[in-house]
Amino acid sequence: SDRQVFDLWLAKSEGPAPLVVFIHGGGWMAGEKTNYRDRDIQPFLDQGISVASLSYRFILQAMDQGVVPPVQAPLHDAARAIQTIRLKSVEWNIDKTKIAATGSSAGACTSLWLAFHDDLADSKSADPVARESSRLTTAAVIGAQTSLDPKELREWMPNAIYAGHAFGFAAKGRSRPQEFELLLANRDKVLPWIQEYSPIELLTKDDPPVYLAYPNQKTPPIVGKEGPDPTHSAIYGIKLEEKAKEVGTEVILAYPGHESEKYPTIREFLIAKLMGE
């Protein structure tokens, strides 16, 4: 597909360079690899970190292609890009043991899915790309959806409306809230999909550290209460942080009034994790 492509900026580096992969947002319905600009990319290159920015198939495209559930297309496209980069890592002077992902909203959810999902590498595949690892060293994301389970989401945020389209409940003229209600009504039928594609379901103690930023949180986040912009609420972060404490992984959560002193920005976190703290 014309969307299964990425751009690559190679840092000037003595040895193999770490890599940050940018995964754009847009609800898996819109956006472009060119959403990222020099101001996003150059600070990493200046530190000796290479950068990739990828495009991927959208939900409606996936539905046209018969991908079930459609969210598999954007997520597996992102994994495939990382596997492709690993295969070419010698040629591109990339350290395949130091690959991070970043993005906002849907790109953030994709990054977390990659960080927490078991390795998609298939050592027996005839396809050399498929034999490479899909795992990340770390992820640092903005406005991430950490769950796609409608029941869980309504318990966290009674006004949650984001997840239905991921599982194929999108249709012409159908709104996000309508998609969500359909997913809720069909939850039992699609539970195996939720368990496979909802990041929080996948978090285990062998997963890498992640940084969750919710810079647009307008009011103090209160679990179980309606708040502004439930699709990018810091409540997603609060709940992932709780799970991380249970399983014993590192999650750093930042939102207005609750900043991280150690890592004031996503960029500082990524540089620290990739360049060795």
Side-chain angles (χ1 to χ4, degrees), residues 23-31 56-78 103-114 116-117 141-203 212 214 216-243 255:
I23 307 175
H24 69 78
W28 297 309
M29 304 287 276
Y56 48 79
R57 287 170 293 167
F58 295 140
I59 296 287
L60 296 178
Q61 228 177 331
M63 288 174 75
D64 286 345
Q65 292 172 1
V67 178
V68 179
V71 73
Q72 183 181 324
L75 299 186
H76 280 257
D77 285 357
S104 61
S105 193
C109 185
T110 301
S111 298
L112 294 180
W113 183 82
L114 289 166
F116 302 157
H117 197 282
V141 293
I142 298 170
Q145 296 87 30
T146 60
S147 172
L148 297 171
D149 179 347
K151 182 171 172 286
E152 182 169 61
L153 290 173
R154 281 283 161 89
E155 289 162 9
W156 297 358
M157 303 173 279
N159 56 336
I161 56 162
Y162 184 93
H165 64 305
F167 299 113
F169 295 101
K172 206 177 159 116
R174 192 179 287 165
S175 68
R176 277 276 153 85
Q178 289 170 322
E179 293 166 358
F180 192 94
E181 293 303 335
L182 281 167
L183 174 59
L184 200 51
N186 290 280
R187 179 179 178 271
D188 293 350
K189 285 183 218 160
V190 302
L191 203 53
W193 293 350
I194 291 168
Q195 288 161 344
E196 168 69 11
Y197 294 106
S198 182
I200 198 165
E201 298 281 339
L202 303 168
L203 184 61
L212 307 172
Y214 294 89
N216 301 327
Q217 186 66 32
K218 299 279 186 281
T219 57
I222 302 163
V223 174
K225 289 272 196 300
E226 293 198 4
D229 191 11
T231 301
H232 306 98
S233 170
I235 289 168
Y236 280 115
I238 289 168
K239 298 308 284 188
L240 189 71
E241 186 185 43
E242 277 176 20
K243 172 94 183 256
Y255 56 86

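Note: hydrogens, waters and symmetry copies are ignored here, and every other heavy atom, side chains too, is used.
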### Message
Would you call the rings of Tyr162 and His165 parallel, tilted or perpendicular, taking 30° and 60° as the class edges?
### Response
perpendicular
### Point-to-point distance, once rounded to the nearest 0.5 Å, from CZ of Arg187 to CH2 of Trp193
14.5 Å
### Query
Is the shortest heavy-atom distance from the side chain of Ile161 to the side chain of Ser175 under 4.5 Å?
no
### Pro221 and Ile238, any side-chain heavy atoms less than 4.5 Å apart
yes
### Summary
OG (Ser147) and CD1 (Ile200) are apart, to the nearest 0.5 Å, by 6.0 Å
### Query
How many angstroms lie between NZ in Lys225 and OG1 in Thr219, if you round to the nearest 0.5 Å?
12.0 Å
## Note on the structure
In this structure, CG of Leu183 is separated from CZ of Phe167 (nearest 0.5 Å) by 6.5 Å
### Note, Lys218 side chain near Asp229 side chain (heavy atom, < 4.5 Å)
no
### Message
Give me the atom names and distance for the closest heavy-atom approach of Gly173 to Gln178.
### Response
O-OE1, 4.0 Å
### Task
Kindly give the heavy-atom pair with the smallest separation between Ala163 and Phe180, and that separation in Å.
N-CD1, 4.2 Å
### Message
Below 30° counts as parallel, above 60° as perpendicular, anything between as tilted: where do the rings of Trp113 and His76 land?
### Response
tilted
#### Entry: Exercise: identify the closest heavy-atom pair between Tyr236 and Pro230
CE1-O, 3.2 Å
### Query
Is Ser104 reaching over with its side chain to a backbone N or O of Ile142, donor-acceptor style, under 3.5 angstrom?
no
#### Entry: Non-hydrogen atoms of Gly26 and Ala106 that approach each other most closely
N-CB, 4.3 Å
### Query
Below 4.5 Å, heavy atoms only, C-beta onward: do Leu114 and Ile23 meet side chain to side chain?
yes
### Query
Are the side chain of Tyr214 and the backbone N or O of Ala144 linked by a donor-acceptor pair below 3.5 Å?
yes
### Query
Roughly how far, to the nearest 0.5 Å, is the OG1 atom of Thr231 from the CZ atom of Arg176?
7.0 Å
#### Entry: Smallest separation among heavy atoms of Gly224 and Pro158, with atom names
O-CG, 3.4 Å
### Within-4.5 Å side-chain heavy-atom neighbours: Gln195 and Leu191
yes
### Query
Do Arg154 and Glu181 meet the salt-bridge criterion of a basic N to acidic O distance under 4.0 Å?
yes
### Task
Write down the atom of Ile59, the atom of Met29, and the distance for their closest heavy-atom approach.
CB-SD, 3.6 Å
### Message
Would the distance check show the side chain of Asn159 and the main-chain N or O of Glu226 forming a donor-acceptor pair, the cut-off being under 3.5 Å?
### Response
no
### Query
Under 4.5 Å between any side-chain heavy atoms of Glu196 and His117, yes or no?
yes
### Message
Under a plain distance cut-off of 3.5 Å, with no hydrogens placed, do Gln217 and His232 share a side-chain donor-acceptor pair?
### Response
no
### Message
Side chains of His24 and Tyr56 only: does a donor on one sit below 3.5 Å from an acceptor on the other?
### Response
yes
#### Entry: Sidechain-backbone polar pair: Arg57 side chain, Asp77 backbone, donor-acceptor under 3.5 Å
no
#### Entry: Step-by-step side chain to side chain contact (heavy atoms under 4.5 Å, CB included) determination, Glu241 to Leu212
CA-CA 9 Å; Glu241 186 185 43; Leu212 307 172; 5.7 Å; no
### The single option from Ser233, Ser198, Ser105 passing side chain to side chain contact (heavy atoms under 4.5 Å, CB included) against Gln145
Ser105
### Message
To the closest 0.5 Å, what do you measure between CG (Leu112) and CG (Leu75)?
### Response
11.0 Å
### Message
As a quick check of understanding, evaluate side chain to side chain contact (heavy atoms under 4.5 Å, CB included) for Arg174 and Leu182, giving each step before the final call.
### Response
CA-CA 11 Å; Arg174 192 179 287 165; Leu182 281 167; 3.3 Å; yes
